[in-house]
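Because only heavy atoms are used, hydrogens play no part in the values below, and waters and symmetry mates are left out as well, while side chains stay in. Counting begins at 1 with the first residue of the sequence.
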Amino acid sequence: MSFRGFIQTQAPVPGSAAQPVRYPACEWVGDDGTVDHRHPLNRYVSDWLTRDMAEVARCDEVLHAMAQLEQGARTKWFVDGDAFCVDMQAHGVQFNASHVGPQDTAYWNQAEGHFTLAEVTRWLRWWRDFLAESAPD
């Protein structure tokens, strides 16, 4: 099981004058080499990395806050993005879709969207390194 980073190309709408858009993306790949887009690591973590953490500087900011959580200098920190609101605490990281409000209790704080701080730190470091390596010269 691992994450795979790649550069995604999105074609323009046919007939438009727009140019293709290229952006970094990632997905979690199972032991058998297949990608299950419904798997929690893809639904939450890969989507968050691709959609809300697409810049090295943003990754560095969040990694700094995560280090403070690990050291006890912070008790919690929220990462609010276009796709996810991520609640980080020393005992774990909870992913919630940004479009789901706390009043939608059936969709808020799902167990499958909860990971350890160490796991998310490791994945974010990997993603940050991937972004730094794939940046245009």
Note to self: Working to the nearest 0.5 angstrom, can you tell me the gap between Phe130 CZ and Cys59 SG?
What the structure shows: 11.5 Å
Notebook entry, point to check: Is there a side-chain contact between Val93 and Thr116, using heavy atoms and a 4.5 Å cut-off?
Noted result: no
Next item on the list: Verify the ring-centre separation between Phe3 and Trp123: is it less than 6.0 angstrom?
Entry: yes
Item checked: Any side-chain heavy-atom pair of Val86 and Tyr44 under 4.5 Å -> no
Margin query: Can a donor-acceptor pair be found, under 3.5 Å and without considering hydrogens, that links the side chain of Asp80 to the backbone of Cys85?
Written below: no
Check: So Phe115 and Phe95, would you call those rings parallel, tilted or perpendicular, with 30° and 60° as cut-offs?
Finding: perpendicular
Next item on the list: Could you list the residues that satisfy salt bridge (Lys or Arg N to Asp or Glu O under 4.0 Å) with Glu119, not counting sequence neighbours?
Entry: none
Notebook entry, point to check: Looking at Asp87 and Phe78, what are the two nearest heavy atoms and their distance?
Noted result: CG-CE2, 3.5 Å
Margin query: Apply salt bridge (Lys or Arg N to Asp or Glu O under 4.0 Å) to residues Asp82 and Arg51 and explain how you reach the verdict.
Written below: CA-CA 7 Å; Asp82 292 333; Arg51 297 169 72 189; over 6 Å; no
Notebook entry, point to check: Are any non-hydrogen side-chain atoms of Asp52 and Val79 less than 4.5 angstrom apart?
Noted result: no
Note to self: Ignoring hydrogens, what is the shortest heavy-atom contact between Pro24 and Ile7? Give both atom names and the distance.
What the structure shows: CA-CD1, 3.9 Å
Note to self: Looking at Gln110, is its backbone amide N or carbonyl O close enough to the side chain of Gln94 to form a donor-acceptor pair, meaning the two atoms are under 3.5 Å apart?
What the structure shows: yes
Item checked: Interatomic spacing from CG in Leu41 to OG in Ser46 - rounded to 0.5 Å -> 7.0 Å
Margin query: Measuring only between side-chain heavy atoms, which start at C-beta, is Leu124 closer than 4.5 Å to Trp48?
Written below: yes
Next item on the list: Measure the shortest side-chain to side-chain distance between Met88 and Met66 over non-hydrogen atoms and say whether it is less than 4.5 angstrom.
Entry: yes
Notebook entry, point to check: At what distance, to the nearest 0.5 angstrom, does SG of Cys26 lie from CG of Asp47?
Noted result: 8.5 Å
Notebook entry, point to check: Is there a donor-acceptor pair under 3.5 Å between the side chain of Thr9 and the backbone N or O of Arg22?
Noted result: no
Check: Strictly by modelled atom types, are Asn109 and Asn96 linked by a side-chain donor-acceptor pair under 3.5 Å?
Finding: yes
Next item on the list: Please lay out, stage by stage, how Glu112 and Arg43 fare under the test side chain to side chain contact (heavy atoms under 4.5 Å, CB included).
Entry: CA-CA 9 Å; Glu112 65 184 13; Arg43 288 183 47 222; 2.3 Å; yes
Check: With no hydrogens and no angle check, is any side-chain donor or acceptor of Trp127 less than 3.5 Å from a backbone partner on Leu49?
Finding: yes
Item checked: Check: Thr75 and Gln89 side chains under 4.5 Å, non-hydrogen atoms -> no
Next item on the list: Using atom types as modelled and distance alone, determine if a side-chain donor or acceptor of Ser98 lies under 3.5 Å from a backbone N or O of Phe84.
Entry: yes
Margin query: Contact between Trp28 and Ser2 at the side-chain level, heavy atoms closer than 4.5 Å - yes or no?
Written below: no
Notebook entry, point to check: What distance separates Arg58 CZ from Arg128 CZ, expressed to the nearest 0.5 Å?
Noted result: 14.5 Å
Notebook entry, point to check: Are more than 12 heavy atoms from other residues, nucleotides or ligands located less than 6.0 Å from atom OH of Tyr23?
Noted result: yes
Notebook entry, point to check: Is there a donor-acceptor contact under 3.5 Å from the side chain of Ser16 to the main chain of Pro12?
Noted result: no
Item checked: Any side-chain heavy-atom pair of Glu55 and Leu131 under 4.5 Å -> no
